[in-house]
Amino acid sequence: MSFRLSQRDKDIIAFINQFRAVDRDSLVDLFFKQLKSPVNACNSVMVRFID
């Protein structure tokens with residue numbers, strides 16, 4: 001399956017590459033806190049990354 005990465009996706013990947021380890025709550029605070037369901041959105045993006 002092919003998909004395009006959004007700028008947010010690229011920023012998340014760069015952040016993870018820079019710090020090598022990050023917990024979900026930190027990603028939520030940095031990239032998803034403005035959304036209605038930030039934890040669910042973060043989980044969905046992370047699952048999409050590993051598929």
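Only this structure's heavy atoms are used, side chains among them; waters, hydrogens and symmetry mates stay out. Only a predicted model underlies this, so the values are computations on that prediction, with no experimental measurement involved.
The hydrophobic cluster containing Phe31 also contains Leu35, counting ILVMFWY residues as joined when their side-chain heavy atoms lie under 4.5 angstrom apart, directly or transitively. In the hydrophobic clustering of ILVMFWY residues, with side-chain heavy atoms under 4.5 Å counting as a link, Val45 and Phe19 come out together. The hydrophobic clustering, which links ILVMFWY residues whose side-chain heavy atoms are closer than 4.5 Å, places Phe49 and Val28 apart.
When all heavy atoms are compared, the tightest approach of Phe32 to Pro38 is O-CB, 3.1 Å.
Between Ser6 and Lys10 the shortest side-chain heavy-atom distance does not fall below 4.5 Å. In this structure the side chain of Leu5 reaches within 4.5 angstrom of the side chain of Ile13, judged on heavy atoms.
Atom CD1 of Ile12 and atom CG of Asn17 lie 12.0 Å apart (nearest 0.5 Å). Summarising the geometry, atom CG belonging to Leu30 is positioned 12.5 Å from atom CZ belonging to Arg8; distances are rounded to the nearest 0.5 Å. The CZ atom of Arg20 lies 10.0 Å from the CD atom of Gln18; values are rounded to the nearest 0.5 Å.
Between Arg4 and Asp9 no salt bridge is recorded (no basic side-chain N to carboxylate O distance below 4.0 Å).
For Asp23 and Ser26, the side-chain atoms include at least one donor-acceptor pair closer than 3.5 Å.
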